[in-house]
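Just so it is clear, the values below take in all heavy atoms, side chains as well, and ignore hydrogens, waters and symmetry mates. What you are looking at is a predicted structure, and each value in this text was computed from that prediction instead of being measured. A, B, ... follow the sequence lines: proteins, then strands. Residue 1 opens every chain.
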2 protein chains.
Amino acid sequence: MFIAFDLQKEHSIYGENVTQRIIDPQGKRGMVLRAARKLFVEKGYYAVSIPAIVKASGVSTGAIYSYFSNKEDLARQLYEETLDHFQDLFFARVPQDSNTYGKLRAVAELSFAIAENEPETMRYMLTIRHDEFISDSVPICYSEPFRWIQQIVADGIAKGELKAGDYFLSAVSFTGVIIRAVELRLSGVIKDSLLDVSDELINNAWATIRV
Amino acid sequence: MFIAFDLQKEHSIYGENVTQRIIDPQGKRGMVLRAARKLFVEKGYYAVSIPAIVKASGVSTGAIYSYFSNKEDLARQLYEETLDHFQDLFFARVPQDSNTYGKLRAVAELSFAIAENEPETMRYMLTIRHDEFISDSVPICYSEPFRWIQQIVADGIAKGELKAGDYFLSAVSFTGVIIRAVELRLSGVIKDSLLDVSDELINNAWATIRV
DNA sequence: GTCTATAGCCCGATAGAC
DNA sequence: GTCTATCGGGCTATAGAC
């Protein structure tokens, strides 16, 4: 809850060291990146032409090619900045000193809050096909935050706060509930705000791993 | 388990009324569809050119355009036949007379079995972006089978076999565990066969909704 | 720095031989 | 029915005016 509140007043979630990475909606470069992100999510990288980005962003071809050396470079900068931003939100907000339940609850609440308050960021995170243009083939959402969740779960099992079992499968199960809910919310299948059903979803996710 | 076994000997899963819909690997049309499916999953519809399909399938441009009126028509036939096949597997194999646990367990085992035995089918089901070329905007995996699972869950709650709560969120939670596991298996993140960890995953998924 | 205009390329689709 | 060769179109990226 408190997380959702913070996210709504945009300033407080972006710490000093994070600000520079934000895709600035004011500048032309940011307008291009935002328009491109929306279009890439909607249609996919290859289906989005530079003329389409020109039209959607209001920035001309020439200006775009002054900020980015080519279309792939644009996509790569978008990828890196969105991923960095996403990871900053995670590392900045999930309490290090809490117990296993507190940490995982925070992970889930933050995921829901980002989905509700920055849907384009979350949509991009879940949608983007890594293999479309990025050379390393690690899907975006299996990277840092996901591995971090694995660590929380592994620690929780070791401390006896979670049921014994394969920590990897437990992490998959917990995040499966959360991610599936986010996906269905972003695609409009779930009508209610995730913030309103957060408790029930977190209960369900927690049930997969609790003792 | 028995499901996995059946799937391995390909004949038994394809009933009489299903056979005609199968993408025949022998005929040229089937070779085109199989090659296209693989390429579409790997790179996305727009990134795959007709020349690329010619090369991958060994069928010439002229022959392709004798089977399909254009590239979109090819994609649409592929979509419909793969979806039909997938749904046939579901409706043919999940027991109608079982209790809630038995039905959902069968759904999960069948999902794992398809992922292991027909990875290209499952990959396509999870990967394809509906909005890339299909006019109606319903994501492929939210359609019939998913709605059917919702019904099973709703019935289970009504009969007191599942915990009370929002049936939709319960269905999301159960399928979230299953789908996430399948996704991570298909992308190579999970190394073990899902058939070997089926029991643990089904336990986790079931825990989200049981009384 | 930012614009418009356009070069050069590859794609989808077709034509015509066989 | 199936092949190769090719056309028109839209794309990425650049050139040149301002």
Kindly write out the residues that satisfy salt bridge (charged side-chain N to carboxylate O under 4.0 Å, His left out) with [X], not counting sequence neighbours, or none if the list is empty.
{"X": "A:K38", "value": "A:E42"}
{"X": "A:R37", "value": "none"}
{"X": "A:E120", "value": "A:R123"}

Taking only residues two or more places apart in sequence or in another chain, which ones pass ring pair (Phe, Tyr, Trp, His ring centres under 6.0 Å) with A:F91? A:W148
Excluding sequence neighbours, so at least two apart, what forms ring pair (Phe, Tyr, Trp, His ring centres under 6.0 Å) with A:F86? A:F90
Using a heavy-atom cut-off of 4.0 Å across all strands, would you classify A:F68 as base, sugar-phosphate, or nothing?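 It contacts nothing in the nucleic acid.
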Go through the structure and list residues passing side-chain contact (heavy atoms from CB on, under 4.5 Å) with B:S60, not counting sequence neighbours. B:A63
With sequence neighbours excluded, residues passing side chain to side chain donor-acceptor pair (under 3.5 Å) with B:D155: B:Q151
Close N/O contacts between protein and nucleotides 11-15 of chain C (under 3.5 Å):
unit_1	atom_1	unit_2	atom_2	d
C:dG12	OP1	B:V48	O	3.4
C:dG12	OP1	B:K71	NZ	2.9
C:dG12	OP2	B:I50	N	2.5
C:dA13	OP2	B:Y65	OH	2.9
C:dA13	OP2	B:K71	N	2.8

At a heavy-atom distance below 4.0 Å, which nucleotide of DNA chain D is the first touched by chain A, and which is the last?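 Under 4.0 Å from chain A, the extent on DNA chain D is D:dC11 to D:dT14.
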Is the centre of the B:F174 ring less than 6.0 Å from the centre of the B:W206 ring? no
